[in-house]
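Scroll down for the structure; my scribbles are underneath it.
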2 protein chains.
Amino acid sequence: MEERIKNAAAETHAARVDRVIEAEEAFRDAAKIFSVAELFRLFGDPTRVGIMTVLYEKERCVCELSDLLVMTVSAISHQLRLLKQSGLVKYRREGKHLYYSLADSHVSTILAQGFEHVNE
Amino acid sequence: MEERIKNAAAETHAARVDRVIEAEEAFRDAAKIFSVAELFRLFGDPTRVGIMTVLYEKERCVCELSDLLVMTVSAISHQLRLLKQSGLVKYRREGKHLYYSLADSHVSTILAQGFEHVNE
DNA sequence: ATAACAGTTGAACAGTTGTTCAACTGTTGG
DNA sequence: CCAACAGTTGAACAACTGTTCAACTGTTAT
């Protein structure tokens with residue numbers, strides 16, 4: 001009798017643990033889905049793709065980006081802030097100029113993959 | 001004299017052709033940048049990433065997607081329309097059900113790349 | 001010190017986006 | 001045929017996004 005109660009209790013507890021683990025996995029998966037969407041969201045704007053495409057070749061300061069993409073310095077700067085915050089670009093100061101470049105090879109790879117897909 | 005005029009005219013024409021070619025290239029580049037941004041934009045929403053992640057494993061009908069992602073059938077359907085229009089997913093009918101799947105390996109590759117980057 | 005240049009930042013605005021709701025089409029089983 | 005199920009679609013709405021403008025910080029040359 002006491003055995004059966006203990007078994008029943010153990011099963012219930014085990015089942016609950018399983019449910020919790022399942023929920024945690026679902027939560028982690030959901031979190032990853034949001035992170036992936038957030039990553040691609042940053043690649044999902046023409047201005048930012050333009051910036052990263054220019055930086056793919058070599059580092060550039062803000063005014064160069066502004067000239068090459070034919071946009072105001074302010075607009076470029078706002079987008080660079082987003083890319084910087086997400087660790088997609090980095091920069092170094094040289095006198096008055098801030099030279100931006102792609103943060104790592106992962107960024108170049110993702111960008112290249114995008115162009116590859118577009119080129120069929 | 002007539003030679004010089006002809007040469008001058010030829011140079012001007014060549015220069016103009018160069019400028020036009022340059023402009024066309026810039027135009028093509030700009031068009032590609034927009035296409036790449038448009039591609040990534042579709043990967044830049046949690047619902048759509050969720051759908052594609054589920055479809056990565058195997059094809060699913062709309063009501064399965066609705067259950068798995070805990071969203072209304074309507075919301076899923078709206079997002080599937082966007083993915084369908086851009087050629088990122090395809091579907092086949094089986095009775096009352098429409099089974100959706102990823103359009104090609106390129107889509108899986110881009111998605112996988114995203115998860116890879118998020119997993120450091 | 002100060003003028004000029006390089007870039008950042010916040011508020012404001014228009015345009016876009018994703019979800020909901022309700023009405024709709026299409027398919028199947030009774 | 002028709003009821004039930006599977007899914008689509010358009011309008012409406014709130015939330016979000018990208019650009020502009022003006023004011024700002026930081027650096028350099030005079």
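The chains referred to below are lettered A, B, ... by the order of the sequence lines, with proteins before strands, and numbering in each begins at 1. Below, all heavy atoms of this structure are taken into account, side chains as well, without hydrogens, waters or symmetry copies.
Atom-to-atom, CD1 of B/Ile76 to P of D/dT9 comes out at 15 Å; the value is rounded to the nearest Å. Regarding A/Glu38, its CD atom lies at a distance of 13 Å from the P atom of C/dG18, rounded to whole Å. Whole-Å rounding puts the B/Glu64 CD to D/dA6 P distance at 11 Å. Here C/dG18 presents its C1' atom at 17 Å from CD1 of A/Ile33, a figure rounded to the nearest Å. Separating the CE atom of A/Met71 from the C1' atom of C/dT8 is a distance of 16 Å, rounded to the nearest angstrom. Counting to the nearest Å, the P atom of C/dT20 and the CD atom of B/Gln79 are 11 Å from each other. When rounded to the nearest whole Å, the span between CG of A/Leu69 and C1' of D/dG18 equals 15 Å. Distance, B/Leu83 CG to C/dG18 C1': 13 Å, rounded to whole Å.
Listed by first then second residue, pairs satisfying salt bridge (charged side-chain N to carboxylate O under 4.0 Å, His left out) with a partner in residues 63-72 of chain A read A/Arg60-A/Glu64, not counting sequence neighbours.
Around the OH atom of A/Tyr91, the shell of radius 6.0 Å holds no more than 12 heavy atoms that belong to other residues, nucleotides or ligands. Residue-environment remark: NZ (B/Lys32) stays at or below the threshold of 12 foreign heavy atoms within 6.0 Å.
Under the 4.5 Å side-chain criterion, counting only non-hydrogen atoms from C-beta, A/Ser108 is in contact with A/Leu102. Within the 4.5 Å cutoff, no side-chain heavy atoms of A/Val17 are placed close to those of A/Val20. Contact of the B/Ile110 side chain with the B/Phe40 side chain is registered, since non-hydrogen atoms from C-beta on lie closer than 4.5 Å.
In the set C/dG7, D/dG18, C/dT8, the nucleotide with an atom closest to the side chain of A/Cys63 is C/dG7. When distances run from any side-chain atom of B/Arg81 to the nucleotides D/dT19, D/dT9, D/dG7, the shortest one goes to D/dT9.
One donor-acceptor pair, N or O on each side, does fall under 3.5 Å between the base of D/dC21 and the side chain of A/Ser74. Taking only distance into account, the side chain of A/His78 never meets the base of C/dG7 through a donor-acceptor pair shorter than 3.5 Å.
Taking side-chain N and O atoms only, A/Arg41 has no distance below 4.0 Å to OP1 or OP2 of D/dC16. Distances shorter than 4.0 Å separate some side-chain N or O of A/Thr72 from OP1 or OP2 on D/dT20. Between D/dT19 and A/Thr47, a contact under 4.0 Å exists linking OP1 or OP2 to a side-chain N or O.
Between B/Gly44 and A/Cys61, the residue anchored nearer the 5' end of DNA chain C, judged by the nucleotide with its closest heavy atom, is A/Cys61.
Contacts of residues 86-104 of chain A with DNA chain D (heavy atom under 4.0 Å): A/Arg93, A/Gly95, A/Lys96.
Note on A/Val62: only backbone sugar-phosphate atoms sit closer than 4.0 angstrom, heavy atoms only; bases stay farther off.
Each of B/Leu111, B/Val89, B/Leu88 was scored for a side-chain contact (heavy atoms from CB on, under 4.5 Å) with B/Leu55, with one residue passing: B/Val89.
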